[in-house]
Structure formats: C-alpha cells, structure tokens
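This report refers to the structure that appears directly beneath it.
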Amino acid sequence: MDSRYDHQQHEDRISAKWTETQAFNPDTYLATRTGAKSFSVIMPPPNANDPLHIGHAMFVALEDILVRFHRMLGDDAVWIPGTDHAGIETQFVFEKKLKKDGKSRFQFDRNTLYQMIWDYVQENSDVAVNQLKKLGASADWSRFRFTLDPQVVAFVLQTFEKLHQRELVYRQWRQVNYCTRCGTSYSDLEVNHTEQVTSLVYVKYFFIDKPDEFLTVATTRPETIFADTHLAIHPDNPKTKNYAGRQVLNPLTGETMSILEDSFVDPEFGTGVVKITPAHDATDWEVGQRHHLEIRLALDTTGKITALGGDKYAGLKLAAARQQIIDDLTASGHIDTEKTNSKYVNRVGVCYRCGTVIEKIPLAQFFIKVRPLVEPVQAALSEGKTTIHGAGHDKILDHWLANLKDWNISRQIVWGIRLPVWYQLSNKKNKSLTLTYIDREQNRATRSLEGVLEQDKQHPGELETALKNLQQLSAPIEAEYVVSVEAPGDDYIQETDTFDTWFSSAQWPVVTLKTNKPGDFDRFYPTSVMETGYDILPFWVMRMLMMGVFLTDQVPFTDVYLHGLVRDQKGQKMSKSKGNVINPLAIIESYGADALRMALVIRSTAGLDKSVGEADFKAMRNFTNKLWNGARFVKNLAETAPAATSTLPQDEAFTQHLDEIITTVTQQLHDLKMGLAADTLYTEFWHWYCDECIESAKQGQLSPTVLVAGLDVFLKLLHPFAPFVTEAIWAELHPQTSELLVATPWPIAAQ
RNA sequence: GGACGGUUAGCUCAGUUGGUUAGAGCGCUUCGUUGACAUCGAAGAGGUCACAGGUUCGAGUCCUGUAUCGUCCACCA
C-alpha cells in the first residue's frame with residue numbers, strides 16, 4: 001500500500017466496479033427478498049440542465065449514507081434517481097441563451113420552442129447524472145426517471161383528470177400573481193416579498209357637490225387610478241365618518257367615484273382614506289368581492305397601461321406611466337406635493353426567479369381546491385404517520401397547511417406539461433378564443449378564433465397554420481372546455497398553459513414507483529425517508545404529502561429529513577455575487593468525494609444550516625488518509641506478527657468497546673442522526689482505534705488478529721460515510737475475495 | 001403583526017431521552033520524526049454553556065421571562 005491515500009487513483013475505478021456489479025440495484029444484490037424490509041428513498045431530482053452545487057452534494061451525502069446503511073443491513077433498499085425539467089428555471093435560462101443569439105421566444109411556435117428546449121436539456125442531461133455518480137451516489141440508475149418521460153407525463157395528466165372528476169379543479173377569472181417579464185402567472189409561493197423604496201404621493205379627489213373641497217388619499221400606485229372605482233373609509237372612524245356615501249371625481253378620468261365603508265381600512269394610516277383598485281391589489285380585490293364592485297383593468301400582462309388610459313397613457317410601460325401621471329396630476333393641482341414622501345419604504349411582491357415586481361392581474365386560470373387535499377394530510381400528521389425531522393419545521397408545515405389557499409397551477413410557458421384541457425372549435429361559446437401564432441408570412445399574429453375562421457374562408461389553410469404554429473391560446477372565462485388525456489376529437493384545440501412544475505413534482509414518489517418496474521409501487525410505497533432542504537418544504541414536501549395522500553390514501557413517506565443551507569466558513573450564505581460559492585466538483589478533485597461528504601455531514605443537524613470551508617475539507621481529507629494509514633499499518637502487523645497463542649490483556653476491552661460503537665452508530669443511523677454518527681466514527685476511529693489501540697498493539701497489549709478484525713468493522717461502519725476510501729482499503733485487506741465492501745453485511749454487536 | 005429557530009472554546013459547530021472533571025475541527029503554546037500516517041504524535045492553554053428567575057438530589061439539556069441575531073409567513077394604501 002502507498003504511504004498516502006490518493007483518491008484520484010481509486011474513485012473512478014471503484015465507481016465503475018459498483019456499476020459493473022449492479023451493486024445499487026436491489027433486484028441484483030439481494031439474493032432473496034423474502035422477509036427483507038423495504039427501505040426506499042426518492043431522490044429530489046436536480047435540474048436536468050444545471051451542474052450540481054454544494055447543496056446537491058449535501059443531499060447526496062445524507063441520502064447515500066442512509067441507503068448504503070440499509071443495504072448493508074440486508075434491507076430491500078432502493079434509491080430512485082431522477083432529474084427535473086424545472087419549467088420556469090429552464091425556460092428562463094434558455095430564453096437568455098436565445099437572446100444572446102439575437103432571438104426571442106416570440107419568433108417560434110410553441111412546438112418548435114418546446115423541441116428546442118428539449119434538445120438543449122438533452123445536451124446537458126448527462127452532466128447532473130455524472131456528477132451524482134462522482135459524489136458516490138449509490139442510486140439505482142436502472143430506475144432513473146426524468147420528469148418529462150412519457151410515462152410520467154401520462155401519469156400527471158391522469159392525475160389532473162382524476163382531480164377534475166372529483167371536482168377539485170376549477171377554472172376561474174381571478175386576480176393572480178403575474179410576472180410581466182417572465183410572461184406567466186405564479187402561485188403565491190413563487191412570490192418573494194421584499195422592501196422597496198417608492199414615492200408615496202398624496203392625491204386629491206375633489207367632491208362633486210363641493211368642487212373646491214377634496215379628500216386626500218395616499219398611494220404608491222398612481223398609475224392604477226384609471227381603474228379606481230371607489231374610495232374607502234372605516235365605518236367607525238369619526239374623522240372620516242361624514243364622507244360616507246358622498247361622491248368624488250376620479251382625478252384622471254373625471255368619472256364619478258363613490259365612497260364606501262369597509263372595516264379593513266386602517267383609520268390611523270395616512271389620511272384614513274384609501275383608493276380601491278379591485279383589479280390590481282389583493283386587498284382591494286377582496287373589497288371588490290364583498291361590495292360587488294366593477295373590476296377594471298389598468299394594466300395588461302405585458303406591464304403596459306390598457307386602453308383605459310386613453311390616447312395619452314395607453315401602451316405606456318408601468319414605470320413611465322407612473323411618472324407621467326405624477327407629473328400631470330401635479331400640474332393639474334391634484335397632488336399635495338408638500339406631503340409627498342419620495343423615500344417611502346413599502347413591501348412589494350417580486351418574482352422569485354427574475355426579481356421583477358409581481359403584478360396582481362385578473363386572469364382565467366386553473367386552480368386546485370386545496371382544503372380537501374390538506375385535511376387528510378393534517379390528520380395523517382397528527383396521527384404521526386409522517387415524522388418531520390428538522391428544528392421546528394414540523395410546526396412551520398402545520399402553519400402552511402392551516403393557511404394554504406387554492407393553488408393556481410396554470411403557467412403561460414411552453415417548457416412543461418400542457419394541461420389536458422380542450423376547447424371545441426365549433427362551440428359558439430368558444431368564438432372569442434384568442435390565438436397567437438406564426439402566420440404563413442412568418443409574422444406573429446393574434447386573432448380571435450372567429451377571425452381565424454374568417455381568414456380561412458378567404459385563404460384556405462389559415463386554420464391549419466394557426467393550429468400548427470400556435471404560440472398561445474387565450475380563452476375567455478366563459479369558454480367551454482373538456483378535460484381529457486386524449487384529444488376528444490379533430491374539432492378541438494388544446495390549452496397552451498402548462499402545469500406548475502411543482503404540480504408534477506408533487507406526485508414524484510408515486511409516479512417514480514408507478515411508472516417504473518412492475519411491482520415497485522407495492523414493494524416500496526410508502527417510501528421511507530424524504531430527504532431535502534428545508535427551503536422547499538412548502539413547495540415540494542407539503543405538496544407531495546397532499547398529492548400522495550390524494551392518489552394513494554397513504555402518506556408518501558414515513559419520515560422527512562430536512563437539511564439546512566450550506567454556508568461558507570464564516571457562516572455566510574453562498575452567492576455568486578459574494579464569490580464564496582463552493583463548487584463540489586473542485587473539492588472532489590482536490591480532496592476526494594469522501595472528504596467532501598464527511599465535511600458536509602459531520603456534526604450537521606436536521607433543520608439547521610451547516611458551515612463548511614477549505615479547512616473542513618482538508619481535515620476530512622486527512623481523515624481518509626488516516627484511515628488508509630491505520631489500515632496499512634494493521635495489515636502489515638497482522639501479516640508479520642507471530643500467530644497469537646493466547647489472548648492479550650486488552651483484547652476483551654477492545655471487543656467490548658467496539659460493540660458499543662456498533663450499537664451507538666447503528667442506533668444513530670436508525671434515528672436519522674447522520675451528523676452525530678459521522679462524529680462518533682471520526683472520534684472513535686482516530687482517537688480510540690489509532691491513538692489507543694494501535695499503540696497498545698505495538699506494546700504487545702492487544703492481539704493483531706483482534707485489531708485487524710476490528711478494522712473490518714470500522715470499514716463497514718464508515719462505508720456509508722466515506723464509500724470510496726473504505727472500499728479501496730477493503731480490497732487491500734481482502735485481496736483473495738472479489739466481494740465488494742458495498743455488498744457486505746452490516747456489523748452486529750456480540751451483545 | 002404572527003410563527004419558528006440560533007445564542008456552548010479565538011473561529012465554525014456537535015452535545016443522542018437531565019446524570020460523573022462540557023466535546024470536535026481549525027487556530028494557538030511547548031515538545032517529538034525509536035514498527036502506519038508530518039495530510040502525524042504527545043502534552044497544554046482556552047468555556048460564569050446569552051442573561052434573569054424557576055422545577056429537580058442533580059440543568060448546556062425541562063419551564064417562564066428578557067436580550068440579541070436569523071429565517072419564514074402576513075392586505076397596511
């Protein structure tokens with residue numbers, strides 16, 4: 001053996017051996033499954049087109065430890081890998097790429113664009129998988145799934161159909177979160193809230209009956225004044241009480257606005273009078289619902305002022321319109337300029353992806369009723385069917401479940417699974433469907449269905465072109481639709497909206513098992529441990545619970561282990577702008593995958609963030625070297641020492657303590673205390689086995705045969721944590737056998 | 001405004017159901033290459049376990065409150 005462990009000489013070679021022997025496929029490694037307990041882990045699928053980051057290394061390390069442990073225990077253990085099409089993320093990245101080439105998504109019909117993104121993802125799809133293998137992930141690659149695999153898509157469509165049959169899906173014209181830059185709506189979860197400095201302007205609304213008197217209203221959104229229908233006051237506010245029922249003039253349109261009373265108004269804030277814009281503000285929308293107010297749109301989905309703005313403002317972009325309106329209102333004496341606070345800090349919703357301010361815009365979208373899905377989950381959790389491991393996140397989940405609102409699953413992007421919703425072309429109610437398509441002159445055209453049919457009469461083939469080169473379909477709320485996995489007939493056009501990626505992800509534990517090898521679902525469901533970052537608890541874990549219970553009447557997993565963020569050595573969040581991002585591949589290159597894994601896992605705890613830095617990787621690299629050299633010495637000792645004729649003084653104590661270690665580590669792993677188990681093994685191997693036991697053996701107090709047997713135990717216990725170096729040492733110690741360490745049984749304490 | 005976490009050695013963090021002199025890595029001091037490892041070994045310095053009460057034979061660990069940092073949620077124009 002070399003005097004140093006050189007990971008680069010071993011890792012790829014060992015990886016290949018594991019693959020050759022199909023060591024990770026339970027159909028292969030288990031001689032018999034009779035009586036074997038099932039242990040299944042579904043991998044959180046990384047984005048198919050992205051290289052892995054340090055967070056992925058964390059999940060690989062933790063999940064791999066569990067799977068290798070249970071495999072060695074003799075369980076029917078499987079870890080099902082996959083990659084995610086990551087709808088918005090991927091389309092966002094692809095559009096940036098298009099832009100670089102001087103193109104835009106609007107130049108392509110949706111089928112062409114979809115195919116282009118598909119090809120792009122295919123080009124990169126090996127990257128993630130190869131990196132997972134580099135990390136030592138003992139996943140069963142023969143069960144690999146991509147979220148857009150045809151079987152997966154088919155399953156997701158059936159789920160939607162099932163939800164529809166159970167009346168858990170509805171289409172409604174409702175205010176939704178809309179990113180004008182990404183061109184799609186979002187669910188509430190995709191909106192981040194951040195503080196922003198804007199101008200708070202005080203606008204005067206003059207009374208109709210007394211034209212020289214006015215009410216002052218503070219607003220940060222003067223550009224929506226076109227769509228204002230009312231002002232509101234609190235019914236019990238003495239300061240504003242006498243305004244009730246009076247009428248004022250809209251300062252921009254000159255229209256009559258009445259003053260209504262609603263207790264949502266905070267008498268203490270501003271002037272105690274609020275303008276109501278039902279279309280573009282969440283609170284105002286609700287006020288509008290309560291008081292049956294007309295909903296008028298001031299902004300469209302491109303972020304421009306609608307026709308409501310008249311010749312002067314229509315078509316202006318939001319920011320430009322805002323400034324123009326402030327200027328104009330100031331000029332016309334409608335703004336109390338002395339009161340203007342140009343540094344007003346307020347909270348706005350921004351797109352989690354691109355940071356653009358999210359607009360509230362009413363749109364016809366598909367929603368899922370969440371109450372009927374949530375309730376069985378709450379029941380299951382309170383019965384302890386699923387345990388959440390991770391610093392209070394169980395309570396956070398409870399809070400989410402209790403307050404969850406209906407889920408908008410429609411996205412106006414192409415990179416995803418298209419909703420199985422169909423509109424009949426000949427249906428009179430569907431005449432005003434709007435089709436955007438690339439016409440025969442390669443121009444982007446937007447026409448009503450009626451208009452397309454008209455065109456088709458004059459230029460036969462227009463309808464065919466429109467359907468074939470369709471970019472986007474926009475159906476009014478009164479349109480009639482059919483939900484069907486297959487096209488109901490030739491006379492139908494399919495909805496162009498795609499599912500929220502999380503809608504299909506929510507079914508991942510079910511779909512990966514149901515569309516895989518026959519019998520997998522019964523064999524592995526409910527899965528054992530769902531291990532993922534706490535940051536996607538509401539996005540993913542909660543929704544997997546909801547959809548899992550809906551589809552199977554069982555929770556999708558019995559335990560959830562939430563790991564924290566990986567931070568840098570100073571405890572700072574990693575970000576590209578700070579330049580403190582750690583590339584896991586670079587760490588593997590210099591220190592080895594084992595060192596990376598150990599550094600991430602050791603003393604990490606569920607639900608809490610973990611700091612790592614160069615010093616940690618180095619320390620754990622030293623540990624792999626320590627293992628190697630301890631083994632090197634012990635091997636040599638066993639080979640050269642004369643056969644023991646009797647037991648030595650330390651032999652019994654050694655065996656006893658070794659048993660304690662086995663018991664402790666085994667229990668820690670059963671309890672999902674991977675960080676603690678790694679720490680136990682590190683300390684026991686280095687400071688007990690090497691520092692004490694090897695030294696005892698040198699002094700003839702401990703038998704080499706006992707020592708070498710103990711080494712085997714350590715190699716097995718450490719294998720889940722540091723699979724490469726332990727496998728390499730195993731081969732050195734047991735040159736006569738072809739059995740790999742990965743396939744050996746877990747040690748059992750004598751007592 | 002609500003909720004949830006963190007606060008332990010110079011730094012980053014463990015501490016498994018309350019139980020003997022509170023641990024690790026890195027850093028620091030002194031010494032050491034006599035059968036593995038200098039990516040090493042030996043010895044050592046360094047902690048009122050945020051603070052204040054309480055429960056207990058016994059509290060880093062349980063309870064109450066305070067401070068502070070952080071995260072998530074929330075319709076304050």
Side-chain angles (χ1 to χ4, degrees), chain A residues 1-6 188-189 192-193 200-203 217-221 224 231-232 264-277 281-287 344 346-347 349 360 390-400 402-403 534-535 537-538 564-565 567-573 591 595 598-599 602-605 607-637 640-641 664-665 667-668 670-673 675-680 682-683 686-687 690-691 694-695 697-699:
Chain A
M1 287 171 83
D2 297 335
S3 66
R4 284 183 186 183
Y5 171 65
D6 178 5
D188 293 339
L189 303 199
N192 288 337
H193 293 273
L200 181 67
V201 294
Y202 287 75
V203 181
V217 176
T219 182
T220 54
R221 305 219 53 189
T224 62
L231 297 184
F264 92 91
V265 181
D266 180 355
E268 303 302 317
F269 189 90
T271 57
V273 187
V274 193
K275 75 185 194 70
I276 302 294
T277 320
D281 181 274
T283 314
D284 295 1
W285 174 267
E286 281 169 30
V287 174
Y344 183 73
N346 74 332
R347 289 182 72 78
K360 296 282 185 178
H393 283 99
D394 50 336
K395 292 173 198 161
I396 293 173
L397 178 60
D398 289 343
H399 185 261
W400 271 106
N403 295 291
Y534 66 69
D535 52 329
L537 176 72
L565 249 57
R567 295 171 177 270
D568 74 4
Q569 67 277 15
K570 290 180 200 151
Q572 301 285 309
K573 213 168 165 173
Y591 300 112
M598 277 296 283
I602 195 164
R603 273 167 268 120
S604 71
T605 45
L608 296 184
D609 296 348
K610 171 78 178 168
S611 288
V612 289
E614 203 70 16
D616 301 289
F617 301 125
K618 213 168 172 180
M620 293 305 135
R621 187 275 317 267
N622 293 354
F623 179 62
T624 59
N625 189 57
K626 187 74 180 176
L627 266 167
W628 179 262
N629 275 291
R632 184 158 75 100
F633 177 77
V634 170
K635 179 178 186 250
N636 187 262
L637 188 70
T640 55
T664 303
V665 171
Q667 192 56 49
Q668 286 169 337
H670 277 302
D671 294 343
L672 304 181
K673 307 274 186 188
L676 210 47
D679 194 34
T680 304
Y682 179 97
T683 307
W686 198 309
H687 300 301
C690 292
D691 293 351
I694 288 182
E695 296 308 315
K698 285 179 186 171
Q699 284 151 28

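A note on names: the letters A, B, ... follow the listed sequences, proteins ahead of strands, and every chain is numbered from 1.
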Counterpart base for [N], defined by Watson-Crick or G-U wobble contacts under 3.5 Å:
| N | value |
| --- | --- |
| B/G58 | none |
| B/G18 | none |
| B/G32 | B/C40 |
| B/G23 | B/C13 |
| B/U71 | B/A3 |
| B/G53 | B/C63 |

Checking all strands, does [X] fall into the base, sugar-phosphate, or nothing category for heavy-atom contacts under 4.0 angstrom?
| X | result |
| --- | --- |
| A/Trp400 | sugar-phosphate |
| A/His687 | sugar-phosphate |
| A/Ile602 | nothing |
| A/Thr219 | sugar-phosphate |
| A/Gln569 | sugar-phosphate |
| A/Ala391 | sugar-phosphate |
| A/Arg4 | base |
| A/Tyr202 | nothing |
| A/Asp691 | sugar-phosphate |
| A/Phe623 | nothing |
| A/Ser604 | nothing |
| A/Arg621 | base |
| A/Asp281 | nothing |

Under 4.0 Å from OP1 or OP2 of B/A74: is there any side-chain N or O of A/Asn403 that close?
no
Determine: side-chain N/O of A/Thr220 to OP1/OP2 of B/A77, distance under 4.0 Å, yes or no.
no
Row check, A/Tyr682 ring normal vs A/Lys626 NZ/CZ: under 6.0 Å, within 45°
no
Students often mix this up, so state it plainly: with edges at 30° and 60°, are the rings of A/Trp686 and A/Phe623 parallel, tilted or perpendicular?
parallel
Using atom types as modelled and distance alone, determine if a side-chain donor or acceptor of A/Asn625 lies under 3.5 Å from a backbone N or O of A/Tyr5.
yes
Determine whether a donor-acceptor pair (N or O, by modelled atom type, separation under 3.5 Å) exists between the side chain of A/Asn636 and the backbone of A/Phe633.
no
What's the gap between [N] and [M] when it is taken at their [atom1] atoms, as a whole Å value?
| N | M | atom1 | result |
| --- | --- | --- | --- |
| B/U8 | B/A50 | C1' | 10 Å |
| B/A14 | B/U30 | C1' | 28 Å |
| B/U64 | B/G27 | C1' | 39 Å |
| B/U48 | B/U61 | P | 16 Å |
| B/C62 | B/U16 | P | 9 Å |
| B/C13 | B/U71 | P | 14 Å |
| B/A38 | B/C26 | P | 15 Å |

Nearest whole angstrom, please: distance from the [atom2] of [N] to the [atom1] of [X].
| X | N | atom1 | atom2 | answer |
| --- | --- | --- | --- | --- |
| A/Asp394 | B/U71 | CG | P | 21 Å |
| A/His193 | B/U71 | NE2 | P | 16 Å |
| A/Asn192 | B/A74 | CG | P | 11 Å |

A/Lys698 atom NZ: more than 12 heavy-atom contacts under 6.0 Å:
yes
Return yes when atom NZ of A/Lys618 has more than 12 non-hydrogen atoms of other residues, nucleotides or ligands closer than 6.0 Å, and no otherwise.
no
Is there, by distance only and without an angle test, a donor paired with an acceptor across the side chain of [X] and the base of [N] below 3.5 Å?
| X | N | answer |
| --- | --- | --- |
| A/Glu695 | B/A36 | yes |
| A/Lys395 | B/C4 | no |
| A/Lys673 | B/A14 | no |

Closest contact, heavy atoms only, A/Asp609 versus A/Tyr534:
OD1-OH, 2.8 Å
If you only use heavy atoms from C-beta on, which nucleotide in B/G15, B/C40, B/C26 is closest to the side chain of A/Ala619?
B/C26
Give the nucleotide from the list B/G23, B/G6, B/C40 with an atom nearest to the side chain of A/Arg603.
B/G23
Do A/Lys275 and A/Thr224 pass the side chain to side chain donor-acceptor pair (under 3.5 Å) test, and can you show the C-alpha distance, the side-chain angles, and the key distance before you say yes or no?
CA-CA 10 Å; A/Lys275 75 185 194 70; A/Thr224 62; 2.7 Å; yes
